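Following: one structure in structure tokens, then a few remarks.
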Amino acid sequence: MSSRDFVYSKFQEFYNNPLTVVPAPTSFEQREFAYLMFRERFMVRHKRFESIQTFQNVLARNVPSDVYHSCAYYENPDLEMDKKGWIGSDLVFDIDADHIPTSCGKIHDEWTCQKCEFSGKGVTPDECPICGSDKFSAKTWACDFCIESTRVETAKLIDMLTKDFGFADSELHVFFSGHRGYHVHVEDEAVHSLDALSRKEIVDYVTGLGLSVLDKGVKEKRVKGRKRFVDAKKFNLHDYGWNRRLKVGMEKFLSTMTAENLKNFGLKNNNLLKNKDAILSRAIMGGRWDSVSGVSVATWLKLAEQVKSLESANIDTVVTTDIHRLIRMNGTLHGKTGLLKIELPVRQLDTFDPLTQAVAFKKGTAKVLVSDAPEFRLSGAMWGPYKNVKVVLPTAAAVMLILKGRAEVAN
Ligand SMILES: [Zn+2]
Ligand SMILES: [Zn+2]
């Protein structure tokens with residue numbers, strides 16, 4: 001049996017299992033559905049279905065590698081794009097390790113330019129540094145640390161959506177993506193009619209883009225060609241939204257800093273640590289930002305900038321602004337891992353373990369020849385590292401290694 005046939009047979013069993021439940025998205029009959037054919041590798045899209053049962057039958061018959069539905073609601077979801085009749089769209093956020101530079105990404109992720117074959121490690125660039133092409137093939141790994149880093153970003157996003165935007169937990173749907181990240185969907189009526197520009201403003205807020213931390217009246221002045229700030233009394237943070245986030249973030253940041261760390265963050269002003277108590281009590285708590293000796297507006301600005309980058313949520317900005325986006329369907333398999341996209345309760349983000357709870361293939365084992373795999377965790381156990389060895393692995397691990405191009409079925 002070829003490796004591809006083996007994985008296909010597992011996907012086939014999954015979609016034909018009467019116990020498999022693919023939850024229906026809201027307003028089912030107004031959604032466009034799409035799926036990628038496993039063997040033929042082409043995308044079937046602009047589909048409309050009467051019921052989730054009809055659609056599940058289609059999945060069982062066709063066995064796709066990846067399944068999607070539109071974030072949008074349409075009058076005619078099965079017509080061409082310009083004839084669909086856009087009614088509205090969910091507000092969707094995608095947090096993916098592909099966009100987050102982690103130290104382990106430099107070890108386990110590789111990209112190759114499809115045009116000139118230049119390659120590198122870590123996060124895939126937007127453009128090839130040699131030929132400028134934007135087409136890459138990438139080899140990534142769904143590692144524990146990468147997934148954990150996306151969980152942290154997701155937690156920050158949820159905190160903003162609930163505390164700053166005022167959405168209730170019940171209005172948020174949080175999913176593990178099935179690969180190495182999370183999706184957050186807001187399906188509230190209030191967001192449906194937002195156009196791409198309004199969504200861009202939400203993106204800017206979440207990422208802290210264009211955030212101004214100076215009160216009006218502070219001027220930037222050039223003295224002998226160098227930037228100076230005058231009227232230092234005007235640095236001020238109030239208690240709402242991003243201002244509050246910066247205050248809380250500054251407190252957290254300074255409480256855990258050493259002089260050495262501070263330098264790594266580009267902050268050379270030793271007074272930040274020397275006068276830490278005064279900063280916490282007089283400036284952050286008391287609002288007297290001009291009362292800490294040796295800490296000027298310029299330093300406050302630098303500190304605020306650093307804290308902003310730590311407190312903003314690292315989302316894939318393109319996904320949120322696209323009002324016609326297709327998003328992976330809840331309860332379906334991810335073609336790069338064999339893991340499920342699965343919903344989790346908002347308040348269980350901290351305790352949810354994707355590498356156990358999103359495992360779809362819970363039975364059986366398979367013998368595979370692993371070319372190269374780092375040590376990894378799956379279904380509550382550690383596996384590997386492997387290099388050119390034949391091993392018997394649980395089905396889920398075998399499927400993942402094959403889909404990642406790291407193993408073949410050993411006959
Ligand atoms: Zn290139
Ligand atoms: Zn990693």
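All figures in this text were calculated on a predicted structure; none of them were measured in a lab. When a ligand or atom number is given, it counts from 1 through the structure's own listing order.
For the Zn ion (ligand 2), the count of nearby protein N, O or S atoms, meaning those under 2.8 Å away, is 4.
Protein N/O/S atoms found under 2.8 Å from the Zn ion (ligand 1): C113 SG, C116 SG, C128 SG, C131 SG.
Partner of F33 under the ring-ring contact (aromatic ring centres under 6.0 Å, His included) criterion, chosen from Y74, F55, Y68: F55. A ring-ring contact (aromatic ring centres under 6.0 Å, His included) with Y8 is found for one member of F38, F14, Y15 and no other, namely F38.
Contact between V22 and Q56 at its shortest, heavy atoms only, is N-OE1, 3.4 Å.
Between Q114 and S137, the side chains place no donor N or O within less than 3.5 Å of an acceptor N or O (distance only, hydrogens not considered). Side-chain polar atoms of D195 and S198 form a donor-acceptor pair below 3.5 angstrom. Under 3.5 Å, the side chains of D164 and Y240 contain no donor-acceptor pair of N or O atoms. Judged purely by distance below 3.5 Å, without hydrogens or angles, the side chains of K336 and S65 never pair a donor atom with an acceptor atom.
Within a 6.0 Å sphere centred on CE of M43, other residues, nucleotides and ligands contribute more than 12 heavy atoms.
Residues F118 and S133 form no side-chain contact, since every pair of their non-hydrogen atoms from C-beta on lies 4.5 Å or further apart.
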